[in-house]
Protein chains: 2
Amino acid sequence: MKPEEIDQSAAVAPQIYRSIRARIVAGALEPGAPLSEAEVAAAYRVSRQPVREAFIRLAAVGLVQVRPQRGTYVTEITEKAVLDARFVREAIEAEIVRLVAGAADPSVVAELRAQLALQRAVKPDDAATFLRLDERFHRTLAEAADQPYAWGVVEEVKAQMDRVRMLSYYPQHMTRLIEQHQAVVDAIADADVAAAERAMRAHLREIIQSVRELVSERPDLFTGTHNRRNHGRKSNDATV
Amino acid sequence: MKPEEIDQSAAVAPQIYRSIRARIVAGALEPGAPLSEAEVAAAYRVSRQPVREAFIRLAAVGLVQVRPQRGTYVTEITEKAVLDARFVREAIEAEIVRLVAGAADPSVVAELRAQLALQRAVKPDDAATFLRLDERFHRTLAEAADQPYAWGVVEEVKAQMDRVRMLSYYPQHMTRLIEQHQAVVDAIADADVAAAERAMRAHLREIIQSVRELVSERPDLFTGTHNRRNHGRKSNDATV
DNA sequence: TGAGCCATACTTCCATACCAGTCAAGCATT
DNA sequence: AATGCTTGACTGGTATGGAAGTATGGCTCA
């Protein structure tokens with residue numbers, strides 16, 4: 001994944017933010033990798049200023065760490081950070097799904113069932129597509145509960161989780177996750193508030209297993225492979 | 001409340017952020033009031049750059065609204081924004097208090113009871129002191145649940161609520177709030193998870209009444225005294 | 001008198017320059 | 001050879017200038 005082109009006619013800072021965020025979540029920028037305002041600016045062919053503002057936002061959601069006069073680094077994934085994010089997400093989404101189940105709007109149920117069909121149609125190895133549909137599923141619930149603001153908070157918080165989900169994805173996982181979505185939708189259709197909440201909480205706790213497995217399988221992502229020195233240019237890899 | 005002095009030897013952007021945030025929450029900067037990078041910079045005797053970064057953070061928590069090429073304005077308080085924030089806060093804090101009640105740590109209970117005593121000692125008309133103790137109470141619960149990250153999210157979200165609480169405070173209110181705190185602590189002491197959650201949710205729903213009363217008593221804060229045009233635009237992430 | 005145009009004084013956003021702090025390589029000294 | 005210090009190339013933070021866009025007040029013209 002390369003730095004995309006920047007549309008100079010629109011505000012560039014948000015574009016930089018989204019681009020770098022996507023690259024971190026996708027793993028193209030590895031945990032511990034150094035980012036430099038100057039290098040990133042050169043790669044995107046913009047000045048340091050909008051890059052700096054993008055870094056501020058990335059730091060706010062915990063994807064990078066700015067150390068004054070030392071450098072800015074992609075934060076390493078820590079089990080604690082992922083679990084902390086999950087805690088907040090579960091709290092909010094449990095509340096959301098209770099609202100949705102309590103309302104029991106047939107059109108919402110129909111929409112969710114349609115999305116389930118789309119999810120089942122995804123090729124098992126197409127992680128990116130499935131994860132996008134998964135996000136859409138959860139966002140749909142938030143909108144059904146008329147809680148767009150709460151969804152904004154979830155979106156910020158889940159950045160940490162997304163990194164793990166992208167890395168720990170395997171095809172069999174998809175079936176399992178769809179079954180959990182199914183359980184949520186069924187409970188909503190039954191207007192069974194408690195069951196819907198239980199199903200959602202169980203679903204969101206999948207990540208706990210995922211992160212534990214990832215810790216043992218890819219410890220490099222947690223301890224960090226990049227040694228902190230060698231800021232010196234050299235790598236062909238235009239790695240911003 | 002005036003712009004405080006800035007310590008030039010430390011990073012100034014965070015200082016500007018905290019100062020302006022405090023002034024907005026305290027009502028010294030009224031809803032709808034225009035802020036300008038240049039004016040604020042002059043007032044604090046710093047350059048526009050750190051002011052700009054402070055504005056970005058303030059916009060992220062919804063205290064100001066940046067409209068490109070038009071100006072930056074203190075956001076008006078809207079009932080919806082306050083209720084949305086409350087929804088997220090209740091979700092998170094309900095989860096937190098369940099953890100605390102489930103653990104039933106005697107030292108935590110002792111600490112909370114000590115804080116209740118402090119709260120009762122506050123003079124009824126000293127809103128600032130009481131609200132500080134209230135914040136401390138809730139933060140203590142988050143720390144007892146070992147969820148500092150979740151508390152960080154709450155702190156961001158509650159900015160909207162704090163404005164209302166400051167404005168709608170009246171002495172009799174204090175007694176009522178302390179009783180609610182008492183109920184939470186009692187439930188924790190009894191290790192009654194469900195009761196603790198109920199008490200916390202009831203406590204956090206006080207704000208619903210407060211904001212409704214404020215809407216009718218001080219409509220100027222909601223409609224804005226400084227009238228603005230061009231309401232038709234939403235500059236959501238116009239800035240990073 | 002009233003409607004439309006235009007100069008102008010703002011605004012935020014981006015680019016550039018300068019600053020102080022950090023850190024590692026390498027010389028100088030022991 | 002080992003250790004301490006200097007030096008210089010980085011870093012992010014701040015200051016400042018210019019560009020593009022927007023709102024406004026006054027002018028022109030009907």
Side-chain angles (χ1 to χ4, degrees), chain A residues 5-17 19-20 32-60 64-75 226-235 239-240, chain B residues 5-20 32-60 64-75 226-240:
Chain A
E5 288 303 314
I6 294 299
D7 178 5
Q8 298 278 358
S9 69
V12 2
Q15 300 181 67
I16 305 279
Y17 168 75
S19 174
I20 297 182
L35 295 175
S36 134
E37 290 181 1
E39 284 183 17
V40 174
Y44 285 97
R45 303 230 194 288
V46 295
S47 79
R48 277 180 47 206
Q49 213 49 55
V51 174
R52 175 174 171 72
E53 295 173 9
F55 280 14
I56 292 177
R57 268 190 78 183
L58 290 167
V64 308
Q65 183 178 14
V66 177
R67 303 197 297 174
Q69 273 66 50
R70 297 181 195 200
T72 300
Y73 301 86
V74 178
T75 55
H226 282 265
N227 46 3
R228 290 273 165 80
R229 63 204 71 180
N230 199 7
H231 279 238
R233 320 248 315 95
K234 179 62 196 71
S235 59
T239 126
V240 158
Chain B
E5 288 303 314
I6 295 299
D7 178 4
Q8 297 279 357
S9 67
V12 343
Q15 300 180 69
I16 305 280
Y17 167 76
R18 285 193 297 270
S19 174
I20 296 183
L35 295 175
S36 133
E37 290 180 359
E39 281 182 20
V40 174
Y44 285 97
R45 303 230 196 290
V46 296
S47 78
R48 289 170 4 231
Q49 205 49 51
V51 173
R52 175 174 169 73
E53 295 173 8
F55 281 12
I56 291 175
R57 280 188 65 187
L58 290 166
V64 308
Q65 185 179 13
V66 178
R67 303 196 297 175
Q69 273 67 47
R70 294 180 197 198
T72 300
Y73 301 87
V74 178
T75 56
H226 309 257
N227 44 1
R228 312 185 289 173
R229 37 213 90 186
N230 267 14
H231 272 266
R233 197 161 314 212
K234 38 188 347 164
S235 67
N236 207 350
D237 68 341
T239 150
V240 158

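Numbers restart at 1 for each chain; the letters A, B, ... are given by sequence-line order, proteins then strands.
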Is [X] near enough to [N] that one of its side-chain N or O atoms lies under 4.0 angstrom from OP1 or OP2?
| X | N | result |
| --- | --- | --- |
| A/Thr72 | D/dG12 | yes |
| A/Ser47 | C/dA15 | yes |
| A/Arg70 | C/dG21 | no |

Is any side-chain N or O of A/Gln69 under 3.5 Å from a base N or O of D/dG12, one able to act as donor and the other as acceptor?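 By the distance-only test, yes, there is a pair.
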Does A/Arg48 make a side-chain donor-acceptor contact with the base of D/dG13, cut-off 3.5 Å? yes
Using a heavy-atom cut-off of under 4.0 Å over every strand shown, decide if B/Ala41 touches base, sugar-phosphate, or nothing.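 Since no nucleic acid heavy atom lies under 4.0 Å of B/Ala41, the category is nothing.
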Assign A/Ile16 to base, sugar-phosphate, or nothing according to its heavy-atom contacts below 4.0 angstrom with the strands shown.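 Since no nucleic acid heavy atom lies under 4.0 Å of A/Ile16, the category is nothing.
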Name all residues meeting the salt bridge (charged side-chain N to carboxylate O under 4.0 Å, His left out) criterion together with B/Arg57; count only those two or more places apart in sequence or in a different chain, and write none if there are none.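 None.
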Among [options], the nucleotide that comes nearest once only the side chain of [X] is considered:
| X | options | value |
| --- | --- | --- |
| B/Glu39 | C/dA15, D/dG12, C/dT11 | C/dT11 |
| B/Glu53 | C/dC14, D/dT14, C/dC13 | D/dT14 |
| A/Glu37 | C/dC14, D/dA20, D/dG12 | D/dG12 |

Between B/Thr72 and B/Glu37, is there a side-chain heavy-atom distance shorter than 4.5 Å? no
Contact check, side chains of A/Asp7 and A/Gln15, non-hydrogen atoms, under 4.5 Å: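 Side-chain contact under 4.5 Å: yes.
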Return the value, rounded to whole Å, for the distance between atom CD1 of A/Ile56 and atom C1' of D/dT14. 12 Å
With five pairs defining each end axis, the helix from C/dT1-D/dA30 to C/dT30-D/dA1 comes out bent, to 10°, by 20°
Stepwise, does the side-chain contact (heavy atoms from CB on, under 4.5 Å) test hold for B/Tyr44 with B/Ile20? CA-CA 11 Å; B/Tyr44 285 97; B/Ile20 296 183; 3.8 Å; yes
Do you know the tightest heavy-atom contact between A/Glu53 and B/Gln49? OE2-NE2, 4.2 Å
Begin with the C-alpha distance, continue with both residues' side-chain angles, and end with the deciding distance and a verdict on side-chain contact (heavy atoms from CB on, under 4.5 Å) for A/Leu35 and A/Tyr73. CA-CA 5 Å; A/Leu35 295 175; A/Tyr73 301 86; over 6 Å; no
